[in-house]
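In each ligand, atom 1 is the first atom listed, and ligand 1 is the first ligand listed. All values below were derived from every heavy atom in this structure, side-chain atoms included, with hydrogens, water molecules and symmetry-related copies excluded.
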Amino acid sequence: MDKFVIEGPSILKGTIEAGGSKNCALPVLFATLLSPHKHHVAAVPRLNDMDSTMKMLVHMGCIVDQKHSRTFGSDWIIDASKLSGADAPYDLVRKMRASNLCLGPLLARNGIAKVSLPGGCAIGARPMDLHLMAIEKLGAEVTQSAGFIEAKIPAGKTRLTGGRIIFPLVTVGATENAVMAATLAKGTTIIENAAREPEIVDLCRALISMGARISGYGTSIIEIEGVDNLGPMNFRIPPDRIETATYLIGAHLTSGDVTISGAKAEDLGNVLDYLTESGAKISCTDNSIRCISSGKIHPVNVTTAPFPGFATDIQAQWMTLMSYAEGDSTIEETIFENRFMHVPELVRMGANLEVLGNKVKIKGKPKCFDGAPVMATDLRASASLVLAAVAARGESTIRRIYHLDRGYENMETKLRSLGAKVERAMD
Ligand code: EPU
C-alpha cells in the first residue's frame, strides 16, 4: 500500500492543469454501452476508478483501447459493437459504487441487466432505491436476490416505455441512470427534481453526440424523447471541478497563489464566492481560475447542498481551511450521513473540531498545525488530510492513499510543481 510523506509547511504557488472530471467520466464511459459502435472519449483522467470502469466494460464485452498522449489523462476508444454480458459482478461493484451506472444503459440496450448491490459505503448507506424506482417507471421489472438486482424489460416488449419520474430527493446517480435508460425508451420521459450538477449536463451532451434527444438538462426538469437507436459517441471529458476546488482551497490555506488552467468557473457552484468571503482573491478567465490568498482566512459557515449549492465533495477540504481561520465556523453536511471521518484525523494534527450530529463546530486557529501520521478513510477525506499536511509544520505521513488515487490524478506531481514537498512511498 502506498503512503504520502509530506514535509511542511509549504506555500502553494504556480499554475497546474485541471484533470478530467472523474464524476463526469464515469457515467459517460458507461453510456457507451448504449450503442453498438466505436466511441471516442478524450481526456479521461488516469485514476483507479477509470481502471475499474475499464474492467467493467471489458467484462461486458467491449474492446477498450487507451492512448496516453498527454502528461495527464488519456483518450479512450471503446468498441461496444458486441456485448457478451449484462451483469456487473460483486467483485467489480464493491471496488467502485459507480459501477451501478451500467444498470440503465445495459437494460435499455439488452433488455436485461444484473447488477450486484454495492453494499455499505464509508460515507453513508447510499441505497439504490431511487435508481430502481426510476427504471420501474420506465416499465422495467425489478427483482432482488442473492445480493443482485435484476432488471428486465417485460416479456412481449422490446423497449422500455417513456414515463414520468419524480425524485423525492436530488440524486446524481439515479438521475444519470434514468436519463441513460430513457434515451432508448419508446416515447417521452420527464424527470422531475432532477439533479442539476455539471456532470448531468455533460452526460446529456455526450448522449446528444450519439443522437439522443434531451432537453432541460441543467434544470430540475429533464425531458427525453426516446429514439430507436443511438450512434457513436464523440466526447471530451471536461475539467474536474472538485479537483480544481481542492487546489484553490490549498492556495488560500497556505497563503499562496495558484492558477488552475482549463478550469471553468461556472462549474464550481458557489465555492468561489465562499473562497472570496473567506479572504481569497479569485479571478477567472474563460479557461482558468486563479486564487490569491490575502494571508488571512476569515471564518465562513457552509451547508452542503445539491448543485449549485456547496458540494459535499468539498466539505472535508473546507474543514481544513476553516481550521486555520481567524475565528469559529460551522459545517453542516446534508447529503451523506457519515461524511466526517476526517474529523478525528484532523484533530490529531491540531484542529479543534466538535461533531454535533450532522454539524461540525470548528474553532479556528491561525497558526501552524504539527505534522502527524494520519489515515485516509475516503477520497475527499484524504484530500483534506493532504492539504492539512502541506500547511502543517514538520513531517506528516498519510496512509491508505489508494482512496486518493481513485479521484486525484498524479496529486503528488501537481503539488510538487506548486512547491509542496510530497513523496509517495511504500508502507
Ligand atoms: N440516495 C438514496 N437513494 C438512491 C440514490 C441516492 O437515498 O437510490 C441518497 C444518497 O444516499 C445520498 C443522496 O441521495 O444521501 C445523494 O446521493 P447521490 O445519488 O446524489 O450520490 P451519488 O450519485 O451516489 C455522486 C458522486 C459523489 C457525490 C454525490 C453528491 C459520482 C460517481 N459520485 O454520488 O461523489 O458526493 O453524487 O454530489 O458521481 C466523490 O467524488 O467523492 C463522491 C462521493
Side-chain angles (χ1 to χ4, degrees), residues 19-31 45 47-50 52-53 56 93 95-104 115 117-137 142 144 149 151 165-180 191 193-203 220 237-238 240-246 267-269 271 304-317 333-339 341-342 358 376-384 403-409:
S21 161
K22 167 181 88 77
N23 288 348
C24 168
L26 290 166
V28 164
L29 292 170
F30 284 117
L47 300 168
N48 286 357
D49 273 12
M50 298 305 129
S52 303
T53 306
M56 285 277 293
V93 178
K95 290 207 179 99
M96 186 183 73
R97 298 185 72 79
S99 303
N100 64 16
L101 293 172
C102 68
L103 179 66
V115 177
L117 281 161
C121 170
I123 62 175
R126 303 180 80 180
M128 277 193 66
D129 55 328
L130 301 176
H131 296 246
L132 305 186
M133 178 277 278
I135 56 170
E136 279 177 332
K137 293 281 180 203
V142 178
Q144 279 186 45
I149 296 161
I165 300 164
I166 307 172
F167 284 118
L169 53 84
V170 176
T171 148
V172 175
T175 301
E176 290 167 343
N177 253 329
V179 170
M180 290 189 279
I191 303 176
N193 199 23
R196 292 182 286 157
E197 269 65 6
E199 292 75 25
I200 303 287
V201 173
D202 290 313
L203 171 64
S220 53
I237 302 298
D240 194 305
R241 64 189 173 107
I242 306 300
E243 185 204 36
T244 296
T246 302
D267 285 353
L268 273 277
V271 71
T304 62
F307 193 83
F310 192 91
T312 173
D313 293 345
I314 312 173
Q315 175 258 105
Q317 303 87 313
E333 170 60 55
T334 70
I335 308 292
F336 292 110
E337 61 274 23
N338 191 30
R339 214 174 192 180
M341 300 227 296
H342 40 284
N358 71 335
T377 50
D378 68 72
L379 170 56
R380 309 303 170 187
S382 321
S384 75
H403 290 293
L404 205 64
D405 293 333
R406 287 190 42 227
Y408 288 88
E409 184 172 1

Ranked by distance from atom 22 (P) of ligand 1, the top protein heavy atom is R126 NH2, 3.7 Å

d(N48 CG, L404 CG) to nearest 0.5 Å is 10.0 Å

Requested in this report: Run the numbers on E176 and E199 for side chain to side chain contact (heavy atoms under 4.5 Å, CB included), then give the verdict.
Outcome: CA-CA 9 Å; E176 290 167 343; E199 292 75 25; 3.9 Å; yes

Check whether any side-chain N or O of T175 sits under 3.5 Å from a backbone N or O of A195 as a donor-acceptor pair, and report yes or no.
-> yes

*So is there a nitrogen or oxygen of I123 less than 3.5 Å from a nitrogen or oxygen in ligand 1?*
no

The closest protein heavy-atom partner of atom 8 (O) of ligand 1 is L130 N, 2.7 Å

Given 3.5 Å as the limit, does a donor-acceptor pair link the side chain of E243 with the main chain of Y408, or not?
no

protein heavy-atom neighbour closest to atom 41 (O) of ligand 1 works out as R380 NH2, 2.7 Å

- Query: Judged by atom type as modelled, is there a donor-acceptor pair below 3.5 Å linking the side chain of N177 to the main-chain atoms of N100?
  - Reply: yes

To the nearest 0.5 Å, atom CD1 of I314 lies from atom CD1 of I242 at 4.0 Å

Is there a side chain to side chain contact (heavy atoms under 4.5 Å, CB included) between M56 and K95? Walk through the geometry before answering. CA-CA 11 Å; M56 285 277 293; K95 290 207 179 99; over 6 Å; no

Step-by-step side chain to side chain contact (heavy atoms under 4.5 Å, CB included) determination, D313 to N23: CA-CA 11 Å; D313 293 345; N23 288 348; 3.7 Å; yes

In ligand 1, the atoms that come under 4.0 Å of a heavy atom of M128 are 8 (O)

Under 4.0 Å from one or more heavy atoms of K22, ligand 1 contributes atoms 40 (C), 41 (O)

Note: ligand 1 atoms sitting under 4.0 Å from heavy atoms of F336 are 12 (C), 21 (O), 29 (C), 36 (O)

Atom 36 (O) of ligand 1 has as its nearest protein heavy atom D313 OD1, 2.6 Å

min-distance protein heavy atom vs atom 14 (O) of ligand 1 -> L169 CD1, 3.2 Å

- Start with the C-alpha distance between I123 and R380, add both sets of side-chain angles, then the distance that settles side chain to side chain contact (heavy atoms under 4.5 Å, CB included), and finish with yes or no. CA-CA 10 Å; I123 62 175; R380 309 303 170 187; over 6 Å; no

Looking only at protein heavy atoms, what sits closest to atom 15 (O) of ligand 1 is I335 O, 2.6 Å

- Item | Donor-acceptor pair, side chain of D240 and main chain of G19, under 3.5 angstrom | no

The atoms of ligand 1 lying under 4.0 Å from a heavy atom of G173, numbered in the order shown, are 19 (O), 23 (O)

Numbered in order shown, the ligand 1 atoms found under 4.0 Å of a heavy atom of L379 are 42 (O)

* Using distance alone, determine whether N23 and ligand 1 share an N or O pair under 3.5 Å. => yes

Contact region, R339 to ligand 1, non-hydrogen atoms below 4.0 Å, reads side chain

Practice task
Report yes if E176 has an N/O atom closer than 3.5 Å to an N/O atom of ligand 1; otherwise report no.
Solution key: no

re atom 3 (N) of ligand 1, the protein heavy-atom contact at minimum distance is D129 OD1, 2.7 Å

query = Less than 4.5 Å apart, any side-chain heavy atom of F310 and any of E333?
reply = no

Before signing off on this row, confirm whether T171 and ligand 1 have an N or O atom pair separated by under 3.5 Å. yes

For ligand 1 and V172, I'd like to know whether there is a polar contact (N/O to N/O, distance under 3.5 Å).
yes

**Q.** Contact (N/O only, under 3.5 Å) between L26 and ligand 1
**A.** no

Note to self: I'd like to check whether P127 has a polar contact with ligand 1, where a contact means an N/O of the residue lying under 3.5 Å from an N/O of the ligand.
What the structure shows: yes

TODO: Please confirm whether E199 comes under 4.0 Å of ligand 1, counting heavy atoms of the residue only.
DONE: no

Answer yes or no: is there a donor N or O on one side and an acceptor on the other, between the side chain of N193 and the main chain of I166, under 3.5 Å? no

Those residues at least two apart in sequence (or on a different chain) that pass ring-ring contact (aromatic ring centres under 6.0 Å, His included) with F30 are none

When distances are taken from atom 30 (C) of ligand 1, the protein heavy atom at minimum range is T312 CG2, 3.8 Å

